[in-house]
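In what follows, a structure is listed as structure tokens, so that the remarks can point back to it.
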Amino acid sequence: MALLPTFTTLGAGPAVLMLHDADGKHLTLAPQVETLARAGYRAMAWDMPGDVHSAPIEPHTFKSRAESRLALLDFLVITRRVLQ
């Protein structure tokens, strides 16, 4: 199995996966993770491969980054996926 990206998760219910902005890291989303968890969601924040705390991947492409996200969702057993 490929290395999983660094992430945090809190709560239970419908899953929400968040990505930090260019200057941040997954921990900058802690207030949103906590708020969503209290509201009944399983909130998750992650660092994409090569960003902040996550190991880089080769090749570093949009496809490989998307595959990393899918691997994380599989690991967390998130089966219902809606992209918005």
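Any value given below was found using the heavy atoms of this structure, including those in side chains, with hydrogens, waters and symmetry copies removed. In this text, all values refer to a predicted model and were calculated from it rather than measured experimentally.
- Nearest heavy atom pair, residue Leu19 against residue Trp46, reads CD1-O, 3.5 Å.
- Taking CG of Leu17 as the reference point, atom CG of Leu72 lies at 6.0 Å (rounded to 0.5 Å).
- Here Leu10 pairs with Val33, Glu34, Ala37 under the side-chain contact (heavy atoms from CB on, under 4.5 Å) rule; sequence neighbours left out.
- The two residues Gly11 and Arg42 have their closest heavy-atom pair at O-CG, 3.7 Å.
- Applying the side chain to side chain donor-acceptor pair (under 3.5 Å) rule to Thr61 yields the partners Ser64; only residues at least two apart in sequence or on another chain are considered.
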side-chain contact (heavy atoms from CB on, under 4.5 Å) between Gln32 and Val16: does it pass, once the steps are laid out?
CA-CA 10 Å; Gln32 292 88 341; Val16 177; over 6 Å; no
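- Rounded to the nearest 0.5 Å, atoms CD1 (Ile78) and CE (Met44) are 4.5 Å apart.
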